[in-house]
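All remarks here apply to the structure that follows.
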There are 2 protein chains.
Amino acid sequence: MNYAVILAGGVGSRFWPFSRELEPKQFMKVIGEDSLLQATIQRLKGVVEPAHIYIVTNNIYFYEVKAQVAEFGIPDRNIILEPQGKNTAPAIGLCARLISRIDKDALLLILPSDHYIKKAGNFKKTIKNAVACAKRDLLVTIGIKPAAASTGYGYIKVSTKAKAAESVEYFAVEKFLEKPGLNKARKYFKDEHFYWNSGIFIWRAQIFLDEVRKYLPKLHASLKLVNSVNDIPRIWPRIEAISVDYGIMEHSKRIALIPADFYWTDLGSWEALAEIFPKDKKGNIANNNTLTLDSRGVCVFARGNRLVSTIGIKDTIIADTPDALLVCDRNKTQDVKRLVEKLKSLNRKERQAHLTERRPWGSFTVLQQGIGFKIKLIELTSKKRLSLQRHKSRAEHWVVVSGMAKITSDGKESFVRSNESVYIPKGKKHRLENPLRMPLKIVEVQTGMYLEEDDIERFEDDFTR
Amino acid sequence: MNYAVILAGGVGSRFWPFSRELEPKQFMKVIGEDSLLQATIQRLKGVVEPAHIYIVTNNIYFYEVKAQVAEFGIPDRNIILEPQGKNTAPAIGLCARLISRIDKDALLLILPSDHYIKKAGNFKKTIKNAVACAKRDLLVTIGIKPAAASTGYGYIKVSTKAKAAESVEYFAVEKFLEKPGLNKARKYFKDEHFYWNSGIFIWRAQIFLDEVRKYLPKLHASLKLVNSVNDIPRIWPRIEAISVDYGIMEHSKRIALIPADFYWTDLGSWEALAEIFPKDKKGNIANNNTLTLDSRGVCVFARGNRLVSTIGIKDTIIADTPDALLVCDRNKTQDVKRLVEKLKSLNRKERQAHLTERRPWGSFTVLQQGIGFKIKLIELTSKKRLSLQRHKSRAEHWVVVSGMAKITSDGKESFVRSNESVYIPKGKKHRLENPLRMPLKIVEVQTGMYLEEDDIERFEDDFTR
């Protein structure tokens with residue numbers, strides 16, 4: 001039986017300011033209506049059934065993943081939560097361990113959740129070949145024929161060709177190579193023995209665990225202590241972080257490479273994203289809210305609805321969000337990571353969250369704050385409710401602007417309709433709920449001298465916070 | 001007696017998106033706490049008394065000018081309103097006519113309101129010399145020793161030197177020259193006979209009107225029909241727009257030039273503004289909300305509090321406002337004018353007004369709008385009130401977040417304090433007033449299917465709108 005293990009724990013800072021620590025790249029809608037995670041699941045239709053799709057992610061992303069995978073019929077129990085990120089080898093090992101306890105013959109497709117692939121049909125064909133190959137107890141990796149002398153990808157050097165089945169050819173792998181400098185990259189690009197490392201792997205759970213025992217014995221010993229997800233929080237803190245490439249692939253003697261027959265990018269930078277978007281005659285990426293004058297190669301990505309205009313600008317990425325702007329030379333997009341590290345050292349809030357913050361029950365946006373007041377637009381998903389709560393320092397005025405709210409205040413329930421308002425005095429226990437099928441929108445005006453998120457005492461919570 | 005005539009009618013689009021049609025450059029705080037108009041008035045201290053300072057501006061800027069000049073003791077009647085802008089010759093002629101009817105010996109200082117001058121002490125000395133010279137019935141212009149081969153300024157070529165009084169030397173003027181090309185500008189810059197035309201003039205009102213009769217007889221005939229400000233709306237539409245340089249200075253035989261002894265710029269572009277600001281070691285203009293990585297010559301001007309970051313950017317102006325962003329090559333800042341024309345042809349609202357719109361009673365900011373609702377933050381100046389009004393299509397929820405409001409609703413008055421709220425149903429006559437000395441801040445949540453500014457029926461208004 002085939003299983004998929006989707007790795008969705010990354011904090012990917014390379015798309016800042018679009019991605020934030022609390023909203024990493026895999027949850028972003030990059031192109032079309034699906035997030036990258038959703039597109040990854042979409043591609044598995046007809047390959048792996050929903051009950052066999054597992055998603056490994058960080059604890060803090062649980063509600064985000066739950067909301068994003070709801071439509072695919074993936075059960076909540078298939079969302080495997082890591083208390084801390086430990087890189088790919090432990091995450092894959094953990095799923096191999098948990099799945100092989102249910103199905104000892106399980107065959108795993110390991111998929112990053114934040115890459116971009118065109119031609120889903122070809123993807124399925126490639127995976128089918130890889131599965132045939134993995135059944136021969138090989139660790140199969142999907143290799144991408146380099147499209148340029150890129151210094152942003154790891155490379156794989158292949159040696160001889162072999163057959164795994166009728167019409168299924170694979171390469172034996174000579175070695176894995178880390179991201180090269182430009183000179184080496186040029187050499188690799190000219191040599192047909194080199195492939196990009198896509199991070200997509202196919203193997204039997206048992207075979208993988210055997211290799212872990214051989215090359216990462218300490219990890220193997222820890223994994224053996226995990227008999228159910230309940231064991232993870234106890235075991236995880238002492239596990240050493242290590243990538244599957246470094247820990248297993250660079251050592252294993254069982255590796256096979258299947259060349260990909262589809263367009264792939266890891267979307268590792270703004271420049272990689274710019275490459276997949278259509279451009280106008282001057283090579284600009286623009287929209288209705290963009291005005292470019294005498295500009296070439298300008299790529300405007302805008303979240304929010306500000307007018308972005310340029311005059312005489314060349315080869316520049318402009319990434320605009322309501323609270324942070326990035327203007328970046330297209331040849332320097334690898335340095336966004338450095339910028340984010342600088343933001344971290346400065347303890348800037350723009351690194352962590354967007355102005356619109358998502359919550360398990362919906363989202364809120366801080367529209368304005370001043371001395372003694374804060375204005376929020378709150379959006380509550382159908383049938384969801386906030387915790388029963390109380391604030392020490394603030395009073396809240398709520399005006400319903402769309403939908404209907406069910407409000408509990410001091411134990412009494414009432415329904416507040418669009419164009420009606422209600423007042424929650426300081427210190428009063430209250431709860432906000434959306435009883436309808438349509439979204440609920442509320443303008444909240446907070447007043448008081450202390451208005452931070454931590455002034456909240458929770459009595460009951462659907463999300464056990 | 002000395003009078004000042006400050007020209008404050010310009011719509012200056014060169015500082016877009018900071019300047020907007022409804023908030024032109026002269027009303028902007030460019031450096032320090034004063035607007036350019038206020039700084040112009042400030043420089044007149046000890047030179048012209050407040051009762052003798054006149055400001056010519058467009059009708060639509062009346063309340064803005066009134067608010068800005070209040071602190072200087074300039075009477076409202078000295079704000080001369082043009083129904084349409086007709087360039088400088090008619091505006092100066094109008095003031096010369098009105099002032100000479102009060103004081104036939106009046107001596108006028110003509111001052112643009114949107115230039116930047118350093119060293120107010122030297123400015124006063126230069127003006128004193130110019131006044132001595134103007135008393136000899138000359139049209140005096142202040143010339144600026146060129147600091148570069150600029151193509152952005154008009155030039156004046158002088159000939160012989162003469163004496164107007166003990167220690168007051170002036171130059172006879174050979175000719176006025178329009179903005180030159182680069183080659184000519186380089187020639188002018190090397191030749192000590194050339195000066196920049198500052199647009200600052202000093203002359204007797206009577207002498208100027210004589211010259212108008214000579215060189216612009218139609219304008220003179222029209223001006224003779226203006227006996228008080230009440231005549232302006234009737235006379236103004238048929239007046240031809242013409243600049244004083246083109247209409248008078250290029251023809252008059254009475255012109256004298258006094259060289260300036262102070263730093264001056266007309267702030268004609270973002271680049272000119274960038275020049276007067278202090279830079280860091282890499283030539284960047286940055287602030288607490290700016291992060292520049294591997295960038296040089298980047299000038300960030302920000303209105304609002306978004307984080308602006310750059311990577312690998314060189315010699316670029318970034319002008320950021322809540323609803324519009326400009327990223328412009330520093331050598332192309334003259335083209336902002338073209339961009340604004342494009343915005344005009346596209347009928348973009350960002351050309352006309354800021355998100356925070358000023359009103360005679362204070363200002364409001366649209367924080368958010370969605371289907372069926374609009375959220376505004378309203379700030380009401382001390383002791384001011386809005387009109388008594390009614391809306392056909394919208395209801396309004398008001399939450400007072402700072403100060404105290406006096407509210408009239410259906411003829412009944414009430415006082416609403418901070419953290420209190422009130423509801424104004426659709427169709428009810430109401431009025432909002434700030435009875436206190438401190439500013440009043442109100443969050444207004446509008447609900448209804450039509451929420452534009454024109455849904456307003458006014459019954460009484462302090463500002464006769």
Side-chain angles (χ1 to χ4, degrees), chain A residues 16-17 291 293-295 298 305-314 316-318 320-333 335-336 338-339 342-343 346 348 350 365 367-368 370-375 377 395 397 399-402 418-421 423 441 443 445-448, chain B residues 16-17 291 293-295 298 305-314 316-318 320-333 335-336 338-339 342-343 346 348 350 365 367-368 370-375 377 395 397 399-402 418-421 423 441 443 445-448:
Chain A
W16 188 89
L291 209 59
L293 213 66
D294 303 334
S295 300
V298 169
N305 46 14
R306 290 172 2 115
L307 172 65
V308 175
S309 61
T310 68
I311 302 176
I313 298 296
K314 280 178 194 60
T316 300
I317 302 279
I318 299 176
D320 187 49
T321 71
D323 64 341
L325 166 73
L326 172 69
V327 181
C328 180
D329 183 320
R330 284 180 67 173
N331 296 311
K332 296 280 179 73
T333 56
D335 290 327
V336 173
R338 273 172 63 210
L339 186 80
K342 218 165 164 182
L343 290 174
L346 294 169
R348 293 285 311 208
E350 293 89 348
T365 309
L367 300 177
Q368 188 91 3
I371 295 166
F373 73 97
K374 194 187 228 179
I375 310 165
L377 181 64
H397 296 259
V399 182
V400 176
V401 293
S402 176
S418 179
N419 192 30
E420 294 177 346
S421 66
Y423 175 62
K441 284 188 191 180
V443 179
V445 182
Q446 303 178 355
T447 53
Chain B
W16 188 90
L291 209 58
L293 214 65
D294 304 334
S295 299
V298 169
N305 45 15
R306 289 174 2 116
L307 172 65
V308 175
S309 62
T310 68
I311 302 176
I313 299 297
K314 282 180 191 59
T316 300
I317 300 279
I318 299 177
D320 187 50
T321 71
D323 64 342
L325 167 72
L326 171 69
V327 181
C328 180
D329 183 321
R330 284 180 66 173
N331 296 312
K332 296 279 179 72
T333 56
D335 290 326
V336 172
R338 272 173 62 211
L339 186 81
K342 217 165 163 180
L343 289 174
L346 293 168
R348 295 283 311 206
E350 293 89 348
T365 309
L367 299 178
Q368 187 90 6
I371 296 166
F373 73 97
K374 193 187 228 180
I375 311 165
L377 180 64
H397 296 260
V399 182
V400 176
V401 293
S402 176
S418 180
N419 193 29
E420 295 178 346
S421 66
Y423 175 62
K441 284 188 191 180
V443 179
V445 182
Q446 303 178 354
T447 54

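Just so you know, these numbers come straight off a predicted model, no measurement behind them. The figures that follow rest on heavy atoms only: side chains count, while hydrogens, waters and symmetry mates do not.
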Can you tell me which portion of [X] sits under 4.5 Å from chain A's heavy atoms? Options are side chain, backbone, both or neither.
{"X": "B:Ser418", "answer": "neither"}
{"X": "B:Arg330", "answer": "neither"}
{"X": "B:Leu367", "answer": "both"}

For A:Pro322, which atoms come within 4.5 Å of any heavy atom of chain B: side chain, backbone, both, or neither?
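Answer is backbone: N, CA, C or O of A:Pro322 sit under 4.5 Å from chain B.
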
With a 4.5 angstrom heavy-atom cut-off, could you sort out which part of A:Asp323 is near chain B: side chain, backbone, both or neither?
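For A:Asp323, the backbone is the part near chain B, not the side chain.
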
If we define contacts as heavy-atom pairs under 4.5 Å, which of [options] has the most with chain B?
{"options": "A:Asn331, A:Ile375, A:Ile317, A:Val336", "result": "A:Ile375"}
{"options": "A:Thr333, A:Val445, A:Val308", "result": "A:Val445"}
{"options": "A:Thr310, A:Val298, A:Asn419", "result": "A:Asn419"}

Evaluate the criterion side chain to side chain contact (heavy atoms under 4.5 Å, CB included) for residue pair A:Ile311 and B:Arg338; output intermediate values, then yes/no.
CA-CA 10 Å; A:Ile311 302 176; B:Arg338 272 173 62 211; over 6 Å; no

A:Ser309 side-chain N/O to B:Leu325 backbone N/O, donor-acceptor pair under 3.5 Å:
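Indeed, once roles are kept as given, a pair shorter than 3.5 Å links the two residues.
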
Is the shortest side-chain heavy-atom distance between B:Gln368 and A:Lys441 below 4.5 Å?
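A side-chain contact under 4.5 Å is absent here.
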
Is there a side-chain contact between B:Val327 and A:Ile318, using heavy atoms and a 4.5 Å cut-off?
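Contact flag for B:Val327/A:Ile318 side chains = yes.
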
Out of curiosity, [X] [atom1] to [Y] [atom2], how far, rounded to the nearest 0.5 Å?
{"X": "B:Lys332", "Y": "A:Asp294", "atom1": "NZ", "atom2": "CG", "result": "5.0 Å"}
{"X": "B:Leu343", "Y": "A:Leu291", "atom1": "CG", "atom2": "CG", "result": "5.5 Å"}
{"X": "B:Leu307", "Y": "A:Leu346", "atom1": "CG", "atom2": "CG", "result": "9.0 Å"}

Give the minimum heavy-atom separation between A:Leu339 and B:Leu293, together with the two atoms involved.
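Minimum heavy-atom separation between A:Leu339 and B:Leu293: N-CD2, 3.9 Å.
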
Are the charged groups of A:Asp329 and B:Lys314 less than 4.0 angstrom apart, N to O?
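No.
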
Taking side-chain contact (heavy atoms from CB on, under 4.5 Å) as the definition, give me every residue that meets it alongside B:Ser421, ordered by chain and number, with sequence neighbours left out.
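Counting only residues at least two positions away or on another chain, B:Ser421 forms a side-chain contact (heavy atoms from CB on, under 4.5 Å) with A:His397, B:Val399.
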
